[in-house]
Amino acid sequence: MVPRKSRAFVPRDESLFCWVRNRPGRAQEEVSALSDEIIARLNSARAAALEAVGRAAGASELEEVRIRFLGRSGEITQVLRGLGQAPADIRPELGRRANEVRVEVERALAEQAARLREAELELRLLAERVDITLPGTVALPGTLHPLSLILLELERIFTAMGFEMAEGPEIETDWHNFQALNIPRDHPARDMQASFYFTDDVLLRTQTSPVQIRYMRAHAPNLPVKIIAPGRVYRRDDDATHSPVFHQVEMLVVDKGITMGDLKGVLGVFAREMFGRKTRVRFRPSYFPFTEPSAEVDVSCAMCGGVGCRVCKGSGWLEILGAGMVHPRVLRNGGYDPEIVSGFAFGLGIERVAMLRYGIGDIRLLFGGDIRFLRQFHPTGEGRVEA
Ligand code: 2NL
């Protein structure tokens with residue numbers, strides 16, 4: 001509540017001093033009575049001021065109190081101002097007292113202002129209090145996706161053997177994706193790779209082979225070609241072991257005098273590095289349009305060591321990739337002369353390797369984004385699950 005402003009306690013014209021001034025030759029009793037009265041007024045002004053200061057609950061209320069008592073026409077100011085007309089014998093004493101009152105009220109104002117600031121700060125500190133014992137937001141370190149882990153592993157294995165990484169576009173021409181790889185438009189192999197076409201000539205690549213075609217055409221006739229081409233590929237498949245988007249790594253070597261023995265050697269190193277030192281490799285005759293001869297390559301099952309288990313369905317072997325000697329037509333489409341050079345190639349699905357390596361039963365887990373699943377994988381192989 002704002003205290004009601006009182007007027008200056010004595011209007012100038014009716015001041016006590018007017019009364020004294022107008023009566024020269026006044027009696028000593030009159031002067032002392034006057035002095036007593038001024039002192040009484042000072043005291044009551046002092047008491048009222050101190051009380052008002054004590055009651056002021058904010059900076060603006062405090063300012064009102066200051067104006068009421070010490071302002072230009074404040075109660076104490078009025079007394080001080082009027083002292084000029086007080087009789088000379090009592091003036092110094094009254095002046096001293098009035099000044100004391102003024103100083104005292106000023107100090108009380110300053111102290112109350114400080115107290116109010118303090119209290120306000122106290123309130124703010126209380127309101128803005130931060131509980132530093134509350135648990136913070138835990139920043140869980142991320143983990144690499146199992147597909148990334150396999151890809152990094154492949155990169156490590158093949159770059160150690162002197163291979164270069166090659167990349168290319170995911171949107172390809174029919175020629176780079178199929179025709180250059182000896183798969184003409186009417187070839188039955190196209191049915192096995194049901195594709196996503198934009199136009200008759202443009203599609204999402206179904207394999208990373210077009211990267212190798214592009215690489216050969218960019219580098220021919222330089223030798224050797226030793227590349228691995230990892231990347232995302234697309235096929236119209238969708239079940240527990242097939243995803244419409246998946247990842248492939250293909251490898252290509254082209255040089256003079258390359259034989260199937262080189263292919264077997266490289267695949268042996270790869271299999272032992274990826275699946276363990278004791279891993280054995282088996283070749284079965286197969287067919288791909290872009291290789292001749294062609295082979296399905298199996299590795300001995302790392303789960304059971306080759307005796308047969310659920311993972312290898314009792315056979316002791318896991319089909320891991322397809323490979324072969326690069327077809328002469330494909331070499332020629334890459335800009336190399338098959339009379340002078342030869343080469344080998346393989347292709348593998350990264351998802352399949354990840355599923356075998358980590359014991360994942362459903363390919364869709366790899367694309368589900370469930371971090372409870374994804375957090376289990378660690379470069380050291382910790383936290384392996386049977387899904
Ligand atoms: C598989 C089989 C294979 C290739 C890919 C290839 C690439 C060029 C020339 C010759 Cl440029 N071959 N790639 C060769 C054999 C098999 O993939 O089952 N992939 C998942």
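All heavy atoms count here, side chains included; hydrogens, waters and symmetry mates do not. Just so you know, ligand 1 is whichever comes first in the structure, and atom 1 is the first atom listed for that ligand.
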| query | Looking only at protein heavy atoms, which one is nearest to atom 4 (C) of ligand 1, and how far off is it? | reply | Phe290 CE1, 3.4 Å
| field | Option nearest atom 18 (O) of ligand 1 (shortest heavy-atom distance, choices Pro210, Gly322, Pro289, Ala345) | value | Gly322
| said: Please list, in number order, the atoms of ligand 1 under 4.0 Å from a heavy atom of Gln212. | reply: 7 (C), 11 (Cl)
| query | Is Glu64 salt-bridged to Arg68, cutoff N-O under 4.0 Å? | reply | no
| Close-contact set for ligand 1 against Val330 heavy atoms, below 4.0 Å | 9 (C)
| Which atom pair, heavy atoms only, marks the closest approach of Leu348 to Ile320? | CB-O, 3.7 Å
| query | Cut-off 3.5 Å, side chains only: do Arg102 and Asn99 have a donor facing an acceptor? | reply | yes
| said: Quick check: is Ile340 connected to Leu331 through a chain of hydrophobic side chains (ILVMFWY, heavy atoms under 4.5 Å apart)? | reply: yes
| field | Closest to atom 2 (C) of ligand 1 among Phe288, Tyr215, Phe344, Phe346 (heavy-atom distance) | value | Phe288
| field | Within reach of ligand 1, part of Gln207 (heavy-atom separation under 4.0 Å) | value | neither
| task | Provide, to 0.1 Å, the distance between atom 13 (N) of ligand 1 and the closest protein heavy atom, together with that atom's residue and name. | result | Glu250 OE1, 2.8 Å
| So does Asp201 pair up with Arg185, basic N to acidic O under 4.0 Å? | yes
| So is Thr291 close enough to ligand 1, meaning a heavy atom under 4.0 angstrom away? | yes
| query | Hey, what's the ring geometry for His219 with Tyr215, parallel, tilted or perpendicular (30° and 60° as the breaks)? | reply | parallel
| task | Quick one: look up the protein heavy atom nearest atom 19 (N) of ligand 1 and list residue, atom name and how far away it is. | result | Gly347 O, 3.2 Å
Enumerate, atom names and distances included, each donor-acceptor pair closer than 3.5 Å involving a side-chain atom of residues 283-299, sequence neighbours excluded.
from   : atom 1 : to     : atom 2 : distance (Å)
Arg284 : NE     : Asp298 : OD2    : 2.8
Arg284 : NH2    : Asp298 : OD1    : 3.0
Arg284 : NH2    : Asp298 : OD2    : 3.4
Ser286 : OG     : Glu296 : OE2    : 3.2
Tyr287 : OH     : His187 : NE2    : 3.3
Thr291 : OG1    : Ser294 : OG     : 2.6
Ser294 : OG     : Phe288 : N      : 3.2
Ser294 : OG     : Thr291 : O      : 2.9
Asp298 : OD2    : Arg282 : NE     : 3.1
Asp298 : OD2    : Arg282 : NH2    : 2.9

| When you measure from atom 8 (C) of ligand 1 to each heavy atom in Ile320, Leu181, Val233, which option holds the nearest one? | Leu181
| query | Using a heavy-atom cut-off of under 4.0 Å, does the side chain or the backbone of Ala323 touch ligand 1, or both, or neither? | reply | backbone
| Considering only heavy atoms of Gln248, which atoms of ligand 1 have at least one such atom less than 4.0 Å away? | 19 (N), 20 (C)
| query | When the ring planes of Phe270 and Phe275 are compared, do they come out parallel, tilted or perpendicular, using 30° and 60° as the limits? | reply | perpendicular
